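Predicted model only: the values in this text are computed from it and were never measured.
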Amino acid sequence: MRKQLRLSGSGGQGVITAAIILAEAAVSEGKQAVQSQSYGPEARGGASKSEVIIDDEKIFHPHVKNPDFVLAMTQKAADKYFSDLNSEGVLILDDDLVPTSPNFKNIIRVPITKLAVEKVGKSLFANIVALGVLVKVTKLVEFETIKKAVAHRVPPHTVEQNMLALQLGFDSVQ
């Protein structure tokens, strides 16, 4: 059941936090998970990616070679990080921040940042909207599990807004 995911965007969008939460949720369900990250030296605003591998078996090599799912929160991330996506994989794009879709057959476009701003009040919650999308599309963890993982990881005074963001992302995919 090994699944490889790459979450990408620019520094400050929270893709690393989202990947950590997803990996923690998988572990809490008894699965094996590893998470790694890289970002440009400029941190905020520079290229950022985080990778997660989830499996029922032990994971001996934590490097994502051909991701099954790629989330791209910016045009630059979409252009840079989708190229080794499994040919049967799924590319998930932030509809407003990725105006030009890469040439790939399985694309899901969701207005991730727009939902965060218009429905939750801040773009800060876009990573949790994206996490809701990922949970719905990948079916790797149960929704209740990801809710608990988010509530455990975010600041206590933001739990309600994060739960709204997670639900919005989950519900945005048919």
Side chain to side chain contact (heavy atoms under 4.5 Å, CB included) assessment of R2 paired with I59: CA-CA 9 Å; R2 179 167 297 213; I59 301 166; 3.7 Å; yes
D56 atom CG, over 12 foreign heavy atoms within 6.0 Å: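 Yes.
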More than 12 heavy atoms of other groups within 6.0 Å of K136 NZ: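 Yes, the 6.0 Å shell around NZ holds more than 12 heavy atoms from other groups.
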Aromatic ring pairing F104/F82, orientation class (parallel under 30°, perpendicular over 60°, tilted between):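 F104 and F82: perpendicular rings.
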Rounded to the nearest 0.5 Å, what separates atom [atom1] in [X] from atom [atom2] in [Y]?
X    : Y   : atom1 : atom2 : answer
H152 : E24 : NE2   : CD    : 6.0 Å
Q37  : E51 : CD    : CD    : 10.5 Å
I53  : Q4  : CD1   : CD    : 5.0 Å
K105 : L91 : NZ    : CG    : 13.0 Å
R153 : T17 : CZ    : OG1   : 7.5 Å
I108 : F69 : CD1   : CZ    : 8.5 Å

Would a hydrophobic clustering, with Ile, Leu, Val, Met, Phe, Trp and Tyr connected at side-chain separations under 4.5 Å, put [X] with [Y]?
X    : Y    : result
F125 : I21  : no
V27  : V52  : no
V117 : V120 : no
F170 : V90  : yes
I20  : Y81  : no

Counting C-beta onward and ignoring hydrogens, is there a side-chain heavy-atom pair between [X] and [Y] closer than 4.5 Å?
X   : Y    : answer
P99 : Q75  : yes
L7  : L134 : yes
M73 : I112 : yes
L5  : P67  : no
M1  : I54  : yes

If you take all heavy atoms of [X] and [Y], which pair is closest and at what distance?
X    : Y    : answer
V133 : G169 : CG2-O, 3.4 Å
A25  : V141 : C-CG1, 4.0 Å
A18  : L131 : O-CD1, 3.6 Å
A72  : V98  : O-CG2, 3.6 Å
A23  : A33  : O-CB, 3.8 Å
L93  : S101 : CD1-OG, 3.7 Å

Ignoring hydrogens and angles, tell me if any N or O in the side chain of [X] forms a donor-acceptor pair with the backbone of [Y] under 3.5 Å.
X    : Y    : answer
S48  : S8   : no
Q35  : S50  : no
R6   : L85  : no
K31  : L140 : yes
N127 : V15  : no

Partner of I128 under side-chain contact (heavy atoms from CB on, under 4.5 Å), chosen from L164, L168, L166: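 With I128 as partner, L164, L168, L166 yield a single side-chain contact (heavy atoms from CB on, under 4.5 Å), made by L166.
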Short side-chain donor-acceptor distance under 3.5 Å, D96 and T113: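 No, no side-chain donor-acceptor contact under 3.5 Å.
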Pair N86, N66: side-chain N/O donor-acceptor within cut-off below 3.5 Å: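 No.
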L124 vs Q161, side chain to side chain contact (heavy atoms under 4.5 Å, CB included): CA-CA, chis, key distance, verdict: CA-CA 10 Å; L124 174 74; Q161 290 168 300; over 6 Å; no
Worked check of side chain to side chain contact (heavy atoms under 4.5 Å, CB included) between L22 and I146: CA-CA 7 Å; L22 181 60; I146 201 69; 4.3 Å; yes
CA sep, side-chain torsions, deciding dist, call: K119, V129, side chain to side chain contact (heavy atoms under 4.5 Å, CB included): CA-CA 10 Å; K119 304 288 187 185; V129 173; over 6 Å; no
Salt bridge K147-E142, side-chain N to carboxylate O under 4.0 Å: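 Here K147 does not pair with E142 in a salt bridge, since their nearest N and O are not under 4.0 Å apart.
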